[in-house]
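Let me begin by presenting the structure, written as structure tokens, before commenting on it.
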Amino acid sequence: MWGFDLDRSLDISLKRQIYQRLRDQMINGTLKAGASLPSTRELAKTLSVSRNTVNEAYDMLIVEGYVESRQGAPTRVVGGLILDQAQQSTALLSQEPAPIPSFLADFRTGQPDLRQFPRYVWQRVSQKSLSEMSMELLGYSGPQGLTQLREEIAAWLMRSKGLAVDARDIYITAGATQALHLVADLLYADHPEILVEDPCNIEMIQTFIQKGYTVTPVPVDAQGLQTDALSMDHRGPIYVTPSHQFPLGGILPAVRRAALIRFARRCGSYVIEDDYDSEFRYYGEPATPLYAMAPDRVIYIGTFSKVLFPALRIGYVLVPRELQSRWSRLRTYTDVQNPPFEQAALAEFLRTRKFDRHIAKMRKLYRERRQALLDALRDCFGDHWRPWGDASGLHLAVEFTGMVFDEAFREQARRERIRTVPLEHHCMRKGRHTDKLLLGYGHLEPDEIRLGVQHIQRFIKEYFKEHARIR
């Protein structure tokens, strides 16, 4: 019982190893209640350690209440320590993590090209920002985010999108996902309802579903949300992607934007504007955010995940003034603030216009890749397809005449090491977009795009030939 081994190669101290071995024996019942521990001299001799090491291990057990010690009496195990054995499913124990497949064609959406990120430049900026950071920023800086980052975001929005905002209206978040969680809590009411574009980013909408919202779909066409389908029976917020509708790609025209704002004002509600990738528009300037029309009715969500790298986890929200005190309270009791280091680095990246140069470079690169995708589709499918949406973003919605893509198609494609998503996956009301696929291209080189489209063309031909034979 006492002859357990100590491993001197570990970073764990010998006294803590002794404490852990004895503690585990008490919890699993090997050492029962009332059992006496050996004297410190005896155990030190058995384990070939100093007596002080054993004394310190016993002290840890006494302080944490595993044993009790009285002068002149042996140290004894207290009662009530044995834990019930956890019941684990043998099926779960035998499961291995599913391997990540190596895809022949990987057209996932929303993935930037991380190979192009200027890591050395970012490293230098980070070191400079850290060296210049004041001691005050190492404490709690509050829920709004670093002042210099908010000021630089405001300057960026002005020079890139012509959007004049006050830095005091900007709130930093841990990406767009956290922003949506906070918005969902902020706008929650009894029996809450949210109106969403259909189709939409089905994963993002799960945030509201998990919060208990009832989701009401509003149809989308090539120009975005069909505002004439809105009903005054609705009272909840409206979630939209007006600068580049996901997934169909349209830009919401001014007439519909005005109608949407009027609707929100009549209902006393808010529009949630998710501007997830409008920096990457390839002909003309990025679309002006809906927020510019009605700062009092629009909650604008921006993110740096698509334009820099997803692991950065920095987003921002333009919050209407009447909601700001409630927002600050929610954020304070959620996680207080973002870490200051990445915020300071991003602020410097923006201030020195390194961010602007990176965006310009990536916009050119993604435009070339989009064209490579269009050329490859034309070569492989002739005239039996057409693209949807504006020339922007990191994905393309493609309609294939006479074809039907569903989850069975998606799963079979995955088994053949082809990753693409039927647009129907993002539809709440099924059946309107069965002939469309989503092809993400931002992370792919032109050669990878061309080869991937060839793999898709062969797979589609074989899949529908087999499907027709079975039917």
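Position 1 is the first residue of the sequence, and the numbers go up from there. Atoms considered below: every heavy atom in the structure, side chains included; atoms not considered: hydrogens, waters and symmetry mates.
Residues Val255 and Thr227 fail the side-chain proximity criterion, which asks for heavy atoms closer than 4.5 Å. Residues Val317 and Trp327 form a side-chain contact, since some pair of their non-hydrogen atoms from C-beta on lies under 4.5 Å apart. Inter-residue side-chain proximity for Pro310 and Pro112 is flagged as met; some heavy-atom pair is nearer than 4.5 Å. Side-chain contact between Gln412 and Tyr463 is present, with heavy atoms from C-beta onward closer than 4.5 Å.
When ring centroids are compared, Phe400 and His384 stay outside the 6.0 Å threshold. Residues His425 and His433 keep their aromatic ring centres 6.0 Å or farther apart.
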Evaluate salt bridge (Lys or Arg N to Asp or Glu O under 4.0 Å) for Glu407 paired with Arg410, printing each intermediate quantity in order. CA-CA 5 Å; Glu407 287 300 313; Arg410 181 187 184 187; 3.5 Å; yes
For Arg281 and Asp390, what are the C-alpha separation, side-chain angles and deciding distance, and is it a salt bridge (Lys or Arg N to Asp or Glu O under 4.0 Å)? CA-CA 8 Å; Arg281 188 161 188 264; Asp390 185 59; 2.7 Å; yes
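In this pair, Tyr316 and Tyr300 present their aromatic rings tilted. The plane angle is within the 30 to 60° band. Relative ring orientation between Phe117 and Phe349 is described as tilted, the plane-to-plane angle lying within the 30° to 60° band. Taking the six-membered ring where tryptophan is involved, the planes of Phe246 and His426 are perpendicular, since the angle between them exceeds 60° and thus also 30°.
Other residues, nucleotides and ligands contribute more than 12 heavy atoms inside 6.0 Å of the NZ atom of Lys161.
Gln371 and Asp375 share a donor-acceptor pair across their side chains, judged by distance under 3.5 Å alone. With 3.5 Å as the limit, one finds a donor-acceptor pair spanning the side chains of Glu399 and Trp388.
Contact detail for Arg297 and Gly268: the closest heavy-atom pair is NH1-C, 3.4 Å. In this structure, Met428 and Pro217 approach most closely via the heavy-atom pair CE-CB, 3.7 Å.
With sequence neighbours excluded, no residue forms a side-chain hydrogen bond (donor to acceptor under 3.5 Å, both in side chains) with Glu285.
Judged by the 6.0 Å distance and 45° axis criteria, Arg369 is not positioned over the aromatic ring of Tyr441.
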I'd like a table of donor-acceptor pairs (distance under 3.5 Å, sequence neighbours excluded) in which one partner is a side-chain atom from residues 178-185, with atom names and distances.
unit_1 : atom_1 : unit_2 : atom_2 : d
Gln178 : OE1    : Ala174 : N      : 2.7
Gln178 : NE2    : Asp335 : OD1    : 3.3
Gln178 : NE2    : Asp335 : OD2    : 3.0
Asp185 : OD1    : Lys211 : NZ     : 3.1
Asp185 : OD2    : Lys211 : NZ     : 3.1

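Listed by first and then second residue, the salt bridge (charged side-chain N to carboxylate O under 4.0 Å, His left out) pairs involving residues 140-159 are Arg159-Asp356 (not counting sequence neighbours).
For the atom pair Leu230 CG and Leu225 CG, the distance stands at 5.5 Å (nearest 0.5 Å).
Of the charged side-chain nitrogens involved, none lies within less than 4.0 Å of a carboxylate oxygen, so that Lys306 and Asp277 do not count as a salt-bridged pair.
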